[in-house]
Number of protein chains: 2
Amino acid sequence: MNGKAATRGEAHLSTRTRLERGRTALGPALELVHTGRAPTRAVLTAELGVTRATAGAVAAELEALGLIRIDAKPSAAAGSQGRPSHRLAVAEAGPVALAAQVHADGFRAALVGLGGHIVATAPGCETIDADPAQVLGSVIEAGAQLLRETGRRCVGAGLAVPSAVAEPEGTALNPLHLAWPAGAQVREIFADCVRDAGIEGPTFTGNDVNLAALAEHRHGAGRGARDLLCVATGHRGVGGALVLDGKLHTGSSGLALEVGHLTVRPEGRPCYCGSRGCLDVETDPLAFLTAMGVEPGPEGLLQQARRLLAEHYAEPVVRTAAEELIDRLGLGLAGLVNILNPDRIILGGLHRALLEADPERLRAVVADRSLWGRSGGVPILACTLDHNSLVGAAELAWQPVLDDPLGALG
Amino acid sequence: MNGKAATRGEAHLSTRTRLERGRTALGPALELVHTGRAPTRAVLTAELGVTRATAGAVAAELEALGLIRIDAKPSAAAGSQGRPSHRLAVAEAGPVALAAQVHADGFRAALVGLGGHIVATAPGCETIDADPAQVLGSVIEAGAQLLRETGRRCVGAGLAVPSAVAEPEGTALNPLHLAWPAGAQVREIFADCVRDAGIEGPTFTGNDVNLAALAEHRHGAGRGARDLLCVATGHRGVGGALVLDGKLHTGSSGLALEVGHLTVRPEGRPCYCGSRGCLDVETDPLAFLTAMGVEPGPEGLLQQARRLLAEHYAEPVVRTAAEELIDRLGLGLAGLVNILNPDRIILGGLHRALLEADPERLRAVVADRSLWGRSGGVPILACTLDHNSLVGAAELAWQPVLDDPLGALG
DNA sequence: TGACTTTGTGCCGCTACTAAACAAAACCAC
DNA sequence: GTGGTTTTGTTTAGTAGCGGCACAAAGTCA
């Protein structure tokens, strides 16, 4: 390479980074509207810490990109003085992200707009093939159908799987109750399926509990939290996730928050990890059924456990079993509080049902067993979003647009 | 307040934020020189992702601020082509941070320049008064003396204490073996002492293990790690710290990484936390002495444990006790790996000595008991810096300068 | 009806960059 | 040596994003 070529190459790189930068307040502004924290340009001005002129220009540019809508008519807030402001909202017919989820009961596809709004859903089938390519092909086919029906532009696609996803390979290490091979290249397979379906935009894959936590942080019970811990149990096993400063903490190889093997009952039942009394085997739906002396029925472990808890909580055997699980869960959460010191905890699946059955008991155990817990106590909440893993998968696909709207769409 | 005053107030705020911002590449550039990652302007150019013109201007400005030095004579790297570059280094007689540390054996004060270089040290006394104000007053007096002797400008002061520090109050919750009252307002007291001594600049207070981790991340065994976990034990109890993306993770109220109460031996000895077999009471120096059947001597638990380990490792009773502790420590670290998934682990105090006694055994236990650990294994290293808590305390004081050199010094 | 409050806009200028050409200082090959 | 190549540093010109400021708009309150 001669000197001229080197100079040109360098110049090209610089040009690209410049174009990719765009107006730097654009991304933060879109994120504020996306998470519902900027209902007007005046609030946007304050939240961004810029002048009104800049906030106005930024909002206008986002509107021109088709991402947000600025009301033509001003609307005064009740009991407010001064000039009424024009409301900001996400655009009605703007672009969408394609979200896909695979779980024990089947799969699901949806289109998710800004603000975490689910625009359209495809029910998906009820059984899961042993071949990931087969399943993901079907899911994407359903998603592509939704895109054709609605005619919306697609910014990218995200997939939620019930498995730890190793970084940076994107392999599913333990696809729980999916009959998929451990170590399946889900990220690569998903990307191939999306490309083959002719859908544009980048693709992303993540663990379902991680993505649920991300969704709850942006649009659900986790809004405003700085250090958010989520713990959830589906049919078997326990999943955890941590959102720090608005970003998922997945660890250096994507395997963080494997919280299932905290010891919560030293003399408890043996766990496949080699230890005893792990959170995983002591607080999942099967543990609940076992504690009640109930045989697993045909309806699914989680459904059965939730139903018994809701309908028969008055019966001593159910109540005792629930309290046992609450105490063990509390012990596990206290351990996590000592290590992570979150400012909010959100529970999903059966753990959510246990919280709702006796919130005081759970909070008391966590406060009692966490260091310095007596002098405060972390808020423990139930998750609030429907299909939060699906919305979280869409968040991944939206992220490039939130980081740099002009670069991703212009 | 009338309209004009409101406009003026707003204008003042905006002006200040503008002045505080300065050249935005200035901070990152200083950090690169500070951590030794930018030996020349050419490297600085590449690391910052800016043009040579910008990197040159930024370096010139940092030199004008008296923070870095640009060699007058170019020096060619061995076996390199092209024009030789001028070396960059931290300024020799530039400003310093005042660092203070309180521990069981006394206290220490030092001046620390950019690059984590200790410029001057005051030995400090050997006993600790029960009154924090008394101790911190003495330590600051020693530091002020150093400042007078050297005549260096001071950018701020940092204090490391062997206790959890609650945020945002800055109280020491468990000042271990200091005979200080739990809940002492150390941050406030320290700030008062610094102000009373006529030392300018902001003040900071943090836990000693946290600060050691920060120092190791910037200047020691943790350089280049993205998710760095540090675990250390002094005389009693175990401390932990986590550095994520170059920033300390202290949790929402400063109490994160209280790793001492992970269960590592279900039928172990009772712990003051109410549980049994906690890492705290199973892997500290006292546990080691107890396992060997040795009575604590007059030299201090840590010193005694380290000496026995170093001098008598060949004796079966010492070796067996060490292996027991290594196994328990490995179990605790594996638990942390499952939750945090760090890409590096650094050990200090007796834990460091245990690692160095039998590194293979410790690594094997961690790999065996962490999920998916067999297919990789986290690097486990000994800490490398002398006085890393002291250097870490200085890092706190340097941080405002690293964030915005012009705003902090101009 | 006017005074006040808040929101939104147009214009000007500053500043931290990029772009591009030039200059300098080493190496190599002949 | 001499010239070409590679890398580093500098100069000059230009620009994008944002702050400062004055003004306009649209409501409430007395």
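Just so it is clear, the model here is predicted, and its values are computed rather than measured.
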Enumerate the protein-to-nucleotides 23-30 of chain C contacts in which both atoms are nitrogen or oxygen and the separation is below 3.5 Å.
{"residue": "C:dA24", "atom": "N3", "partner": "B:Arg83", "partner atom": "NH1", "Å": "3.3"}

**Message:** So, does B:Thr40 get its side chain near the phosphate of D:dT8, meaning an N or O under 4.0 Å from OP1 or OP2?
**Reply:** no
**Message:** Can you tell me how far apart CG (A:Leu402) and CZ (A:Arg218) are? Round to the nearest 0.5 Å.
**Reply:** 6.0 Å
**Asked** Could you state the CZ-P distance from A:Arg87 to D:dA26, rounded to the nearest angstrom?
**Response** 18 Å
**Prompt:** With a 4.0 Å cut-off, would you call A:Arg344 and A:Glu216 a salt bridge?
**Reply:** no
**Request:** Evaluate the side-chain proximity of B:Arg87 to B:Pro39: yes if any heavy-atom separation is below 4.5 Å, no if none is.
**Result:** yes
**Item:** Candidates C:dG8, D:dG9, D:dC18 - which lies nearest the side chain of A:Ala25
**Value:** D:dC18
**Asked** Going from CG on B:Leu228 to CD1 on B:Ile346, what distance comes out if it is rounded to the nearest 0.5 angstrom?
**Response** 4.5 Å
**Message:** To the nearest 10°, give me the bend of the helix from C:dT1-D:dA30 to C:dC30-D:dG1, comparing the axes of its five terminal pairs at either end.
**Reply:** 0°
**Request:** For B:Ile70 and D:dT8, give me the distance from atom CD1 to atom C1', rounded to whole Å.
**Result:** 13 Å
**Request:** Take atom NE2 of A:His86 and atom P of C:dT6, then tell me their distance rounded to the nearest Å.
**Result:** 17 Å
**Request:** Please examine the side chains of A:Glu47 and A:Glu31, heavy atoms only from C-beta on, and report whether any two atoms are closer than 4.5 Å.
**Result:** no
**Asked** Rounded to the nearest 0.5 Å, how far does CG of B:Asp245 lie from CG of A:Asp245?
**Response** 10.0 Å
**Item:** Out of D:dG19, C:dG8, C:dT18, whichever nucleotide has its closest atom nearest the side chain of A:Val50
**Value:** D:dG19
**Asked** Looking for any heavy atom pair under 4.0 Å, which part of the strands does B:Thr54 touch: base, sugar-phosphate only, or nothing?
**Response** base
**Request:** Write down the distance between CD (B:Glu61) and P (D:dG9), rounded to a whole number of angstrom.
**Result:** 18 Å
**Prompt:** Which atoms form the tightest heavy-atom contact between A:Gly246 and A:Leu214, and what is the distance?
**Reply:** O-CD1, 4.2 Å
**Asked** For A:Glu395 and A:His219, what are the C-alpha separation, side-chain angles and deciding distance, and is it a side-chain hydrogen bond (donor to acceptor under 3.5 Å, both in side chains)?
**Response** CA-CA 10 Å; A:Glu395 289 298 322; A:His219 309 293; 2.6 Å; yes
**Request:** For A:Leu406 and D:dC18, give me the distance from atom CG to atom P, rounded to whole Å.
**Result:** 12 Å
**Length of the line joining A:Leu48:CG and C:dG8:P, which is rounded to integer Å** = 13 Å
**Message:** Which label fits A:His34 and A:Trp398: parallel for a plane angle under 30°, tilted from 30 to 60°, or perpendicular past 60°?
**Reply:** tilted
**Asked** Within this structure, what is the CG-to-P distance between B:Leu44 and D:dG9, rounded to whole angstrom?
**Response** 10 Å
**Result of checking A:Val155, A:Val90, A:Val401, A:Val96 against A:Leu114 for side chain to side chain contact (heavy atoms under 4.5 Å, CB included)** = A:Val90
**Fill in**
Taking D:dG19, C:dA16, D:dT8 as options, the one with an atom nearest any side-chain atom of A:Thr51 is D:dG19
**Message:** Between P on D:dG9 and NZ on B:Lys73, what's the gap in Å once rounded to a whole number?
**Reply:** 15 Å
**Message:** From C-beta outward on B:Thr24, which listed nucleotide comes closest to its side chain: C:dG8, C:dC17, C:dA20?
**Reply:** C:dC17
**Request:** Would you indicate, yes or no, if C:dT6 has its OP1 or OP2 atom less than 4.0 angstrom from a side-chain nitrogen or oxygen of A:Arg41?
**Result:** no
